[in-house]
Protein chains: 2
Amino acid sequence: MAHATIRDVARAANVSIATVSRALNGHGNVRANLREHVQSVAAALGYVPHTGARSLSLARTNAIGVMLPDLHGEFYSEALRGIDAEASARGLQLLLSNMHGDQRGTETLRFMRGRVDALIIMAPDIDPERLLAHLPASLPTVLISCPDVSADHPQFRIDNVAAADAMVEHLVASGRRRIVHLSGPRGNRDAEERIAGYSAAMTRHGLSPRVLTGDFEEESGTAAAQALLGDTERADALFAANDMMAIGALVVFQRAGLSVPEDIAVAGFDDIPLARFVTPALTTMRVGIAEIGAEAVSRAAAILAGESDTEIRWVAPQIKARASTIGGAA
Amino acid sequence: MAHATIRDVARAANVSIATVSRALNGHGNVRANLREHVQSVAAALGYVPHTGARSLSLARTNAIGVMLPDLHGEFYSEALRGIDAEASARGLQLLLSNMHGDQRGTETLRFMRGRVDALIIMAPDIDPERLLAHLPASLPTVLISCPDVSADHPQFRIDNVAAADAMVEHLVASGRRRIVHLSGPRGNRDAEERIAGYSAAMTRHGLSPRVLTGDFEEESGTAAAQALLGDTERADALFAANDMMAIGALVVFQRAGLSVPEDIAVAGFDDIPLARFVTPALTTMRVGIAEIGAEAVSRAAAILAGESDTEIRWVAPQIKARASTIGGAA
DNA sequence: CTGTTAGCGCCTTCAG
DNA sequence: CTGAAGGCGCTAACAG
């Protein structure tokens, strides 16, 4: 048999459903012993309120939707950690989903309608305009590292250009000249901006940029490293647009008998937890994605509380110089 | 202004809401051009169905709830990967939540009522009986590595006893005698069972078991390793109940000048992605948690489709012997 | 304090 | 093929 509803409780307790609702939601205006009676009847019946129905009538779900390119993986897992911590602290539930590509993304987003009070979207490679077209404009939406949008949404933007530039500076300062950049996929905002920062810095130093295109996956780091090994005049530094590609390359270089950083320096981007465990520890740019995630939840909550927020907040990554570029020290 | 509802569409299209519903949900019995008219009006109004209301009237949410001890971290992130892949393939949405302790856990579970069609719970340290008390018995619930329950739920159980036993065999075979076990927290099912398997194997070989109690976090591995370093007759192998603790210990041993595995072998449990990246690569037991997650979704879906399933399915971890216990080879 | 009455947004019989 | 009406489970005025 189906589950007990508020009506069943009301009948069993000989009161109206309104009284049950008030008693169970602690609305004060119920006689103390009646309240207890209702509570015990509810417990006896194993009554559990139907939160779906509840949020329909309250027009409030107490949940926020989160849309990430991936749910797993070191980087997004970190983002999730921050989001989860903050949401939990605020008593908000999370409706999580990954993109699974553009098509599936809009479908998922439609699903969120009526189930969440606000949205956090991280989509470096999908035009959020298209995504949001399927959603009520009234739904507060925080964007993280998304392509430009015309609508006034609160946003987080990572200063990829400056960060990539800084990494090149670091490599040049440690004597590298033939610095190759392994980029993320074309069309991805973060990837494009890192290429731009890299190229600008190289040019400024009179060095010629050389970009290999990857896809942010470990395997493309592996492939890039193998390609580099075949060169006659080998690069003396590889700067990958994320850590997983850098690590993939690191392994290949070492397996081929090169020593890192003596023969070739390797640097990544993101500072995923794994970065400090590989040998040698990976030099990278710390983005602090967990903090961004947490703050995104706070901003969403603030909007729900009535505040308005259309600010673009810039995040400046910090360099983490480790052994993979500065042999000797760690 | 609020978002358009089905009523707004009906009014604008000069039809009844029933017709709008039928037209938009592809119910065949609508004149072709009327259907198109409705669709275009809906599009013009930017109408997006309110899935919350929809599932209330359908008594079907198309979502499944997932409850994990943590959402981040290497192990649960892997579990999520499997769950997500399968759910996505079946067009199911995911409502994810972590436990945040017992109290918060039941609260979250109540939240799930009315929002999901089924539940997947992984809770090695919480009595699910207590958890499920707050939920309708009619909600299909798949349990992964939970303490025993009386109710007939489909379950996955990891054969931790046999796996821990096998790991001890491996270490003994490679000449180790003073094998210390660093366990997970007391009261955690997986932890207890691994202790049992370890102890049984040690005793069988006439070796004396020695168990240090950890908590599955990297720091407790660090601490345990430091404690071991102070011993007069040092252990020659450390078998940690999960990979993160093993890795924490690995780092400490090496930093103290010991070489692994020559001076001391180190083994973990889980085979998280990180395990193969540390130096030396970590010997561990592969649980295949992603596969379990995917299968859990399938079982939940099958139950929703009407099948009955109260089977306890056993999962046998596989040993992954790597350089941290068998120096030389990898 | 408590019961009655409308909905929240949608779907689905039941008539026409 | 289409419209009217009832209901999913719950909450919030509005009366008593």
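Below, read A as the first sequence line, B as the second, and so on, with proteins coming before strands; counting in each chain starts at 1.
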In Å, rounded to the nearest 0.5 Å, how long is the span from CG of B:L139 to NE2 of B:H153?
9.0 Å
Any side-chain heavy-atom pair from A:L143 and A:F156 closer than 4.5 angstrom?
no
How many whole angstroms separate atom CG of B:L24 from atom C1' of C:dG9?
13 Å
Is B:D215 salt-bridged to B:R186, cutoff N-O under 4.0 Å?
no
Value in whole Å for how far the P atom of C:dC1 lies from NE2 of A:H37
19 Å
Without placing hydrogens or testing angles, list every side-chain donor-acceptor pair under 3.5 Å for residues 291-298 of chain A, not counting sequence neighbours.
unit_1	atom_1	unit_2	atom_2	d
A:E291	OE2	A:R286	NH2	3.3
A:E295	OE2	A:R313	NH1	2.2
A:S298	OG	A:E86	OE2	3.4
A:S298	OG	A:R90	NH2	3.4
A:S298	OG	A:A294	O	3.3

Do the charged groups of A:D190 and A:R157 touch, with an N to O distance under 4.0 Å?
no
Length of the line joining B:N62:CG and C:dC10:P, which is rounded to integer Å:
16 Å
Identify the pairs formed between an N or O of the protein and an N or O of nucleotides 2-4 of chain C at a distance under 3.5 Å, and give each distance.
unit_1	atom_1	unit_2	atom_2	d
C:dT2	OP1	A:R31	NE	2.8
C:dT2	OP1	A:R31	NH2	2.5
C:dT2	OP2	A:R31	N	2.8
C:dG3	OP2	A:S16	N	3.0
C:dG3	OP2	A:S16	OG	3.3
C:dG3	OP2	A:T19	OG1	2.6
C:dG3	N7	A:R22	NH2	2.8
C:dG3	O6	A:R22	NH1	3.2

Using 0.5 Å steps for rounding, measure from the CG atom of A:D84 to the CG atom of B:D70.
8.0 Å
Run the side-chain donor-acceptor check on residues 31-39 of chain A: report pairs under 3.5 Å with partners two or more places apart or on a different chain.
unit_1	atom_1	unit_2	atom_2	d
A:R35	NH1	A:A23	O	2.8

Just how far, in rounded Å, is P of D:dC10 from CZ of B:R113?
6 Å
Pairs touching residues 114-125 of chain B that satisfy side-chain hydrogen bond (donor to acceptor under 3.5 Å, both in side chains), sequence neighbours left out:
A:T51-B:R115, A:S55-B:R115, B:R60-B:D117, B:T61-B:D117
Roughly how many Å is it from CG in A:N25 to P in C:dC1, rounded to a whole number?
17 Å
I'd like to check B:T108 versus B:M67 (side-chain heavy atoms, cut-off strictly below 4.5 Å). Are they in contact?
yes
Looking at B:R81 and B:E78, does any basic side-chain N land under 4.0 Å from a carboxylate oxygen?
yes
Angle, rounded to 10°, between the helical axes spanning five pairs at each terminus of the helix from C:dC1-D:dG16 to C:dG16-D:dC1?
50°
Separation between CG (A:L95) and OG (B:S97), nearest 0.5 Å, reads 11.0 Å
Please state how far atom CD1 in B:I6 lies from atom P in D:dG3, giving the value in whole angstrom units.
12 Å
Which ones in residues 45-61 of chain A lie close to DNA chain C, meaning a heavy atom under 4.0 Å from one of its atoms?
A:L56, A:S57
